[in-house]
Amino acid sequence: MFLSRFVGRTALLAAAKSESSAATTAAAASAAAPTNLNPLEQFFEADRNPEDEKPVYGRSWKASELRVKSWDDLHKLWYVLLKEKNMLMTQRQMLHAQNLRFPNPERIPKVRKSMCRIKQVLTERAIEDPDPRRSAEMKRMINAL
């Protein structure tokens with residue numbers, strides 16, 4: 001079991017490195033310098049020096065703050081939170097597989113609460129919409145999130 005996980009991760013990282021090298025040559029050809037060469041790096045938090053002070057993470061979004069945001073802002077925030085949630089879950093799983101402790105477990109509930117509150121605000125907006133067809137369409141879309 002451990003060997004299959006290790007081999008699978010090794011193959012995944014090798015594929016990511018080959019993608020990274022291809023991206024590097026393409027970036028050099030176009031003379032653009034991207035900040036993230038490897039797309040899989042988005043699923044891992046940046047390494048920190050253990051001697052550095054522990055970072056302070058923010059709170060979850062309140063529904064009252066989300067109600068004043070536009071549809072586009074809520075859409076962008078949803079995907080930022082989804083990316084953060086995926087990164088945290090990946091990090092937690094990797095550390096769990098290595099029998100290490102996840103450093104900040106309180107971050108996951110904050111992200112989940114914020115995502116639930118975004119859905120709540122969008123549902124409120126869908127209910128208030130006077131057009132029943134548009135309201136039903138918005139509810140279907142919200143439930144698909």
Side-chain angles (χ1 to χ4, degrees), residues 1-30 32-129 134-145:
M1 174 101 168
F2 174 74
L3 184 60
S4 65
R5 278 191 199 166
F6 179 74
V7 171
R9 286 190 190 131
T10 306
L12 181 65
L13 290 174
K17 285 181 183 177
S18 67
E19 253 184 53
S20 168
S21 63
T24 304
T25 56
S30 67
T35 56
N36 261 350
L37 297 178
N38 186 349
L40 293 177
E41 288 179 1
Q42 297 175 5
F43 292 102
F44 300 97
E45 195 168 29
D47 292 331
R48 291 195 178 87
N49 192 356
E51 288 84 35
D52 291 345
E53 63 185 54
K54 186 176 178 180
V56 178
Y57 299 102
R59 59 175 174 77
S60 58
W61 285 84
K62 294 180 181 177
S64 60
E65 296 169 336
L66 295 171
R67 284 186 185 102
V68 297
K69 296 212 171 277
S70 69
W71 177 267
D72 291 333
D73 289 342
L74 289 176
H75 187 258
K76 290 175 189 174
L77 182 58
W78 174 267
Y79 282 102
V80 167
L81 289 169
L82 184 64
K83 197 172 177 180
E84 179 78 8
K85 180 181 161 192
N86 284 339
M87 186 266 305
L88 291 172
M89 300 296 276
T90 303
Q91 183 182 15
R92 184 177 76 174
Q93 185 63 31
M94 292 287 288
L95 291 172
H96 180 70
Q98 298 170 359
N99 290 328
L100 296 174
R101 189 179 71 83
F102 184 56
N104 297 307
E106 69 275 0
R107 290 173 62 190
I108 295 174
K110 290 178 185 178
V111 171
R112 284 186 181 156
K113 276 185 187 177
S114 294
M115 291 176 83
C116 287
R117 289 178 180 154
I118 288 175
K119 284 181 85 170
Q120 174 191 353
V121 168
L122 291 175
T123 303
E124 289 172 0
R125 289 182 185 179
I127 291 171
E128 291 173 0
D129 197 343
R134 185 172 173 200
S135 177
E137 181 181 332
M138 287 174 66
K139 287 178 187 175
R140 275 194 301 273
M141 186 201 64
I142 292 166
N143 290 332
L145 290 176

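If you're wondering where the values come from, they're calculated on a predicted model, not measured in any experiment.
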**Set of residues satisfying salt bridge (charged side-chain N to carboxylate O under 4.0 Å, His left out) with respect to R140, sequence neighbours excluded** = none
Nearest-0.5 Å distance, [atom1] of residue [X] to [atom2] of residue [Y]:
{"X": "W78", "Y": "K83", "atom1": "CH2", "atom2": "NZ", "result": "16.0 Å"}
{"X": "T123", "Y": "I127", "atom1": "OG1", "atom2": "CD1", "result": "6.5 Å"}
{"X": "I108", "Y": "L88", "atom1": "CD1", "atom2": "CG", "result": "5.5 Å"}
{"X": "Q98", "Y": "Q93", "atom1": "CD", "atom2": "CD", "result": "10.5 Å"}
{"X": "L66", "Y": "L122", "atom1": "CG", "atom2": "CG", "result": "9.0 Å"}
{"X": "E128", "Y": "M138", "atom1": "CD", "atom2": "CE", "result": "9.5 Å"}

**Message:** Between F102 and Q91, is there a side-chain heavy-atom distance shorter than 4.5 Å?
**Reply:** yes
**Item:** Heavy-atom side-chain proximity of M87 to R107 below 4.5 angstrom
**Value:** yes
**Request:** Heavy atoms only: give me the nearest K62-R59 pair and the separation to one decimal.
**Result:**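 It is CG-NH1, 3.9 Å.
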**Message:** How close do S114 and L81 get, counting heavy atoms only, and between which atoms?
**Reply:**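 Nearest heavy atoms, S114 then L81: CB-CD1, 3.6 Å.
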Residues 68-75 side chain polar contacts: donor-acceptor under 3.5 Å, at least two apart:
| from | atom 1 | to | atom 2 | distance (Å) |
| --- | --- | --- | --- | --- |
| S70 | OG | D73 | N | 3.2 |
| S70 | OG | D73 | OD2 | 3.3 |

**Message:** With a 3.5 Å distance limit and no angle check, can you tell me whether K85 reaches the backbone of V111 through a side-chain donor-acceptor pair?
**Reply:**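 Checking the backbone N and O of V111 against the side chain of K85, no donor-acceptor pair under 3.5 Å is found.
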Which residues pass the side chain to side chain donor-acceptor pair (under 3.5 Å) test with [X], sequence neighbours left out?
{"X": "R92", "result": "none"}
{"X": "S60", "result": "R117"}
{"X": "E137", "result": "none"}

**Pair listing, salt bridge (Lys or Arg N to Asp or Glu O under 4.0 Å) test, anchored in residues 118-127, at least two apart** =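 Qualifying pairs: R67-E124.
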